[in-house]
Amino acid sequence: MRESQILDADFFGRDTVEVARDLLGCVLCRRVTPRRVIRVRITEAEAYDGFEDRASHAHAGRTARTEVMFGPPGRWYVYLCYGVHWMLNIVTRESDYPAAVLLRGSDEVYGPGRLTRLLQVNLDFNRLPAIPASNLWIERGEPIPMGRIECHPRIGVAYAGPYWSQLPWRFTWVK
DNA sequence: TAAGTGATCTCT
DNA sequence: GAGATCACTTAA
């Protein structure tokens, strides 16, 4: 695999909504053993962007948990949801601008909790850079055909109010 | 449809 | 330290 195909900080440092859309079709790679790499194509992703986004964890301010969202782009933000499920996010935008993209689904499994279970991802990956040395990284995929991307409101964020919960910041790749 | 589950955060 | 709150899944 050529080095240039691994998504880096230049990719993740851009506008969060664009990154979320562009991640569709990209390949999430997880090395589970020295000889085994699980590869899945990303089919659904959600953007969480900025201080003002009431659906974002960062809206409440900078805390120990959300600190990584304020850090440099291209790092993993992992947290536990409902006491059961690990959620996998990739940090976007420049340092001091809190933003991330939640990876919600893939061609192999659908659902953010199922995705992390399949890939054996847990809090150990929090704050690590998305590079092969971390055993969890993303590679560029084949472009998605025109008209195969849909955008929808984000899931489970009704508490953010009508405006923020209805923004079309969830992108899905429909086959 | 509702229980399960535990880190995180807010309020004492 | 206690209580509320969750970017969800599963079994029924």
Side-chain angles (χ1 to χ4, degrees), chain A residues 7 11-26 28 30 32 38 40-93 96-130 134 136-138 149-174:
Chain A
L7 302 185
F11 179 91
F12 296 113
R14 299 174 300 136
D15 176 82
T16 308
V17 175
E18 287 184 20
V19 171
R21 187 194 59 210
D22 292 348
L23 277 174
L24 299 187
C26 291
L28 180 58
R30 165 74 170 108
V32 287
I38 300 174
V40 299
R41 296 196 76 181
I42 298 169
T43 58
E44 181 162 325
E46 266 177 9
Y48 289 87
D49 184 66
F51 299 92
E52 295 186 354
D53 180 358
R54 290 179 55 192
S56 171
H57 290 164
H59 181 66
R62 207 162 176 153
T63 67
R65 178 176 61 154
T66 61
E67 178 64 29
V68 64
M69 291 185 75
F70 291 78
R75 297 195 180 186
W76 299 113
Y77 169 37
V78 181
Y79 68 91
L80 190 62
C81 182
Y82 296 104
V84 187
H85 310 286
W86 295 107
M87 299 288 113
L88 179 61
N89 304 249
I90 185 75
V91 173
T92 58
R93 295 292 299 257
D96 296 323
Y97 185 101
V101 171
L102 169 64
L103 304 182
R104 296 191 59 92
S106 73
D107 51 0
E108 294 288 325
V109 292
Y110 173 75
R114 293 174 181 169
L115 187 63
T116 52
R117 189 176 62 184
L118 172 75
L119 297 177
Q120 301 170 40
V121 166
N122 58 31
L123 194 59
D124 294 342
F125 291 90
N126 195 32
R127 301 168 183 244
L128 292 184
S134 299
L136 186 62
W137 71 99
I138 303 177
I149 293 180
E150 292 183 349
C151 48
H152 302 276
R154 293 173 290 181
I155 297 283
V157 295
Y159 62 86
Y163 177 75
W164 293 101
S165 66
Q166 290 303 310
L167 284 178
W169 281 4
R170 175 167 60 102
F171 295 91
T172 61
W173 171 18
V174 291

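These numbers come from the heavy atoms of this one structure, side chains and all, not from hydrogens, waters or symmetry mates. Proteins come first, then strands; the chains are lettered A, B, ... in the order of their sequence lines, and each starts at number 1.
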> Can the positive tip of A:Arg14 be found less than 6.0 Å from the middle of the six-membered ring of A:Phe12, inside 45° of the ring normal?
no
> Assert yes or no for the condition that the ring centre distance of A:Phe171 to A:His152 is strictly below 6.0 Å.
no
> Using whole Å, what does the distance between atom P of nucleotide B:dC9 and atom OH of A:Tyr79 come to?
12 Å
> Quick test of your reading of the model: are A:Arg154 and A:Asp53 salt-bridged, counting only N-O distances below 4.0 Å?
yes
> Taking CZ from A:Arg154 and C1' from C:dC6, how many angstroms apart are they, rounded to a whole number?
15 Å
> Side chain of A:Arg117, heavy atoms from C-beta onward: which of C:dT10, B:dC9, C:dC6 has the nearest atom to it?
C:dT10
> Taking OP1 and OP2 of C:dA7, is either one under 4.0 Å from a side-chain nitrogen or oxygen of A:Arg170?
no
> I need the single residue from A:Thr16, A:Asp49, A:Thr92 that forms a side chain to side chain donor-acceptor pair (under 3.5 Å) with A:Tyr97. Which is it?
A:Asp49
> If you only use heavy atoms from C-beta on, which nucleotide in C:dC8, C:dA7, C:dT10 is closest to the side chain of A:Asn89?
C:dA7
> Output the rounded distance in Å from CZ (A:Arg114) to P (C:dA11).
10 Å
> Send over the distance from A:Met69 CE to C:dA7 C1', rounded to a whole Å.
10 Å
> Would you classify A:Arg54 as touching base, sugar-phosphate or nothing, given that sugar-phosphate means primed atoms plus P, OP1 and OP2, and contacts are heavy atoms under 4.0 Å?
nothing
> With a 3.5 Å limit on both atom pairs, tell me what C:dT5 is paired to, counting Watson-Crick and G-U wobble, or say none.
B:dA7
> Quick one: A:Tyr82 OH to C:dA11 P, roughly how many Å, whole number?
18 Å
> Once you apply a heavy-atom cut-off of 4.0 Å, does A:Arg65 come out as touching a base, just sugar-phosphate, or nothing?
sugar-phosphate
> Can you identify which nucleotide, out of B:dT10, C:dC8, C:dA7, has its nearest atom closest to the A:Ala60 side chain?
B:dT10
> Between A:Thr66 and A:Gly83, which is nearer to the 5' end of DNA chain B once each is assigned its nearest nucleotide?
A:Gly83
> Just checking, is any N or O donor in the side chain of A:His59 or A:Tyr48 under 3.5 Å from an acceptor N or O on the other one?
no
> With a centroid cutoff of 5.5 Å and a plane-angle limit of 30°, would you call A:Tyr48 stacked on C:dA7?
yes
> Would you please confirm or rule out a distance under 4.0 Å between OP1 or OP2 of C:dC8 and any side-chain N or O of A:Arg104?
yes
> Can you measure A:Leu118 atom CG to C:dC8 atom P for me and round it to whole angstrom units?
18 Å
> What is the distance, to the nearest angstrom, from the OH atom on A:Tyr110 to the C1' atom on C:dC8?
11 Å
> Does a distance-only test, which skips hydrogens and angles, find a donor-acceptor pair under 3.5 Å between the side chain of A:His57 and the base of C:dA7?
yes
> Using atom OH of A:Tyr77 as one end and atom P of C:dC6 as the other, report the distance to the nearest whole Å.
13 Å
> Mind checking if A:Ile155 touches a base, just sugar-phosphate, or nothing, with heavy atoms under 4.0 Å?
sugar-phosphate
> Can you tell which of B:dT5, B:dC9, B:dG6 lies closest to the side chain of A:Leu80?
B:dG6
> Mind listing the closest non-hydrogen atom pair of A:Ala20 and A:Glu46 along with its distance?
CB-C, 4.3 Å
> Is A:Tyr159 close enough to C:dA7 that one of its side-chain N or O atoms is under 4.0 Å from OP1 or OP2 there?
yes
